[in-house]
Enquirer: 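Provided herewith is a single structure, encoded as structure tokens, for subsequent inquiry.
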Amino acid sequence: MQYSLISALLAATATTACTIPGGTLSNTITKPFGVLIQNPKYPAIHNKYMNLNAAGGGDRHLFLEPVPDPVRNLTLAAGVLTWPDGGIHAVIDGEYSAVDNTTKMFMTERGDPRAIFQPVYGCNPDNNDLQTQLKFVTRETSPTGGGVCLRIASGNRGYEFRYTPPNNPASDPTNFCMPATLIVIPEGTTISTGTVRPTTTAKPATPSKTTSKTTSSTKAPTASALPFTDMTSSGFSFVGCAPEERTAPNSPTGRTLVGSMSADDAMTEEKCIAFCKSGGYKYAGTEYTRECWCGNAVAAGRTPPSTAASLANCNFKCGGSASEYCGGNAYLSLYKSCAAGAACVNAKFT
Ligand SMILES: *[C@@H]1O[C@H](CO)[C@@H](O)[C@H](O)[C@H]1NC(C)=O
Ligand SMILES: *[C@@H]1O[C@H](CO)[C@@H](O)[C@H](O)[C@H]1NC(C)=O
């Protein structure tokens, strides 16, 4: 009885999703936009932008940020993603992988089979905002259907965009191609994921951002230890868990550390500090298990709080070390180089 009541209530609250307007959206969008990727089941790709990495002959390869270059002025021409600047459009052709039966999607001026999308309304899975999604229709000359997925590119160059055919029987569990939803974000607007509104719908599992004790996917630190890694032996003291653009107050744009960055699925605090040290930077910060950011100053408004509670935002384990913490989702585990001859002491948290 109780169980059926609970499931009835859950079913009722699940209907609080946004209201989808009727009608059909045009498959031509002339107002410039960027493409955001969503799939809350896969935090590694969720809420990250599609970037256009320069390749030979004017082609652009599609990668997820932080692989450059950010582009927010794409358009859609009869269902085809187009970058008027480069005179190129999205196609699906090349670098076919038999292991998972997927083919690369990239942008070129040439006449390879195009990727065709249809704009549709959808609900943002984080905050129920109404959004415009690019529903994958087909790869020209192939059967209708299939989809876009993301997997790690060879040489560990970040996440690349792939086409998976309809009813694809193949899959590669060692480098799973994660299904992606493409969202239209008009140029000049920012994603609203930083201001997640409470929702009663069930959320897919994502790494916990509230407390490290409630997550089973990451090892909880011992009761006395706060979630940060002591790097004073490398000459860097821990400053705190600093917000990135999405999580900073008022969500201003721009990174917290703007010197240089590197990304590595096997990131550790040692690697990041060594990288920033080699560039002569004062600050080093790790984020999202695998990113390393360096700078000589912390951007305005990004100074980390001194509360122990704030450290819960930086409880992601490093990709290269399960005993170290490498930031969180849009939060940096921030370190500062210790002055020569002075004591190297981590910040205190209360
Ligand atoms: C489009 O975006 C690119 C990259 O941000 C920029 O270099 C270019 O000037 C933009 N083009 C237009 C027409 O705004
Ligand atoms: C690839 O997918 C297509 C479409 O589902 C299927 O016909 C074909 O057999 C698949 N090939 C491999 C190698 O899995």
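Owing to the predicted nature of the structure, the values given are computational and were not obtained by experimental measurement. Count residues from 1 along the sequence. Order of listing sets the numbers, starting from 1, for every ligand and every atom in it.
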Enquirer: Tell me the closest heavy-atom pair linking R151 and T102, and the distance in Å.
Expert: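 Nearest heavy atoms, R151 then T102: NH1-OG1, 3.5 Å.
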Enquirer: May I ask you to identify, for N167, whether its side chain, its backbone, both or neither come under 4.0 Å of ligand 2 on a heavy-atom basis?
Expert: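 Looking at N167 and ligand 2, just backbone atoms fall under 4.0 Å.
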Enquirer: Taking the ring of Y335 and the ring of F228, is the distance between their centroids below 6.0 Å?
Expert: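 They do not qualify: ring centres at least 6.0 Å apart.
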Enquirer: What protein heavy atom lies closest to atom 11 (N) of ligand 2? Include the residue and the distance to one decimal.
Expert: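 The answer is N101 ND2, 3.0 Å.
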Enquirer: Please list the nearest protein heavy atom to atom 14 (O) of ligand 1 with its residue and the distance rounded to 0.1 Å.
Expert: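 Scanning the protein heavy atoms, the shortest distance from atom 14 (O) of ligand 1 goes to N73 ND2, 3.4 Å.
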Enquirer: Thinking salt bridges, do K271 and E324 make one under a 4.0 Å N-O criterion?
Expert: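 Not counted as a salt bridge, because no side-chain N and carboxylate O are separated by less than 4.0 Å.
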Enquirer: Which of the atoms in ligand 2, numbered in the order shown and given with their element, are less than 4.0 Å from a heavy-atom of A170?
Expert: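 Answer for ligand 2: 14 (O).
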Enquirer: Tell me, which protein residue and heavy-atom name are nearest atom 5 (O) of ligand 2, and how many Å apart are they?
Expert: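 Nearest neighbour among protein heavy atoms for atom 5 (O) of ligand 2, to 0.1 Å: P166 O, 2.8 Å.
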Enquirer: How many angstroms lie between atom OG of S142 and atom OH of Y163, to the nearest 0.5 angstrom?
Expert: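 It is 4.0 Å, given to the nearest 0.5 Å.
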Enquirer: Decide, based on the SG atoms alone, whether C344 and C338 are under 2.5 Å apart.
Expert: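 With an SG-SG separation under 2.5 Å, C344 and C338 do form a disulfide.
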Enquirer: Please list the nearest protein heavy atom to atom 4 (C) of ligand 1 with its residue and the distance rounded to 0.1 Å.
Expert: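 Of every protein heavy atom, P70 O, 4.0 Å lies nearest to atom 4 (C) of ligand 1.
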Enquirer: Any N/O of D85 closer than 3.5 Å to an N/O of ligand 1?
Expert: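 D85 vs ligand 1: N/O contact under 3.5 Å present.
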Enquirer: For atom 2 (O) of ligand 2, is the nearest protein heavy atom closer than 4.0 Å?
Expert: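 Given the 4.0 Å limit, the answer for atom 2 (O) of ligand 2 is yes, a protein heavy atom qualifies.
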Enquirer: Do the rings of F176 and Y42 sit parallel, tilted or perpendicular, given the 30° and 60° boundaries?
Expert: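 Tilted, since the angle between the ring planes falls between 30° and 60°.
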Enquirer: Could you tell me whether P32 approaches ligand 1 through its side chain, its backbone, both or neither, with non-hydrogen atoms closer than 4.0 Å?
Expert: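 No part of P32 is near ligand 1 at this cut-off.
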Enquirer: Run the contact test for P84 against ligand 1 with a 4.0 Å cut-off on heavy atoms, strictly below, and give the result.
Expert: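 Heavy atoms of P84 never come under 4.0 Å of ligand 1.
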Enquirer: Can you see whether Y325 has K317 sitting over its ring - NZ or CZ less than 6.0 Å from the centre and within 45° of the normal?
Expert: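 Positive - K317 is close enough to the ring of Y325 and near enough to its axis.
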Enquirer: Identify, for atom 13 (C) of ligand 2, the protein heavy atom at the shortest distance, and state residue, atom and that distance.
Expert: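 Among all protein heavy atoms, the one nearest atom 13 (C) of ligand 2 is Y96 OH, 3.8 Å.
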Enquirer: Is there a donor-acceptor contact under 3.5 Å linking the side chains of H46 and N329?
Expert: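 Looking only at side-chain atoms, N329 and H46 do not form any donor-acceptor pair under 3.5 Å.
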Enquirer: Which residue and non-hydrogen atom of the protein lie closest to atom 9 (O) of ligand 2, and at what distance in Å?
Expert: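 Looking only at protein heavy atoms, the one closest to atom 9 (O) of ligand 2 is P169 CG, 4.5 Å.
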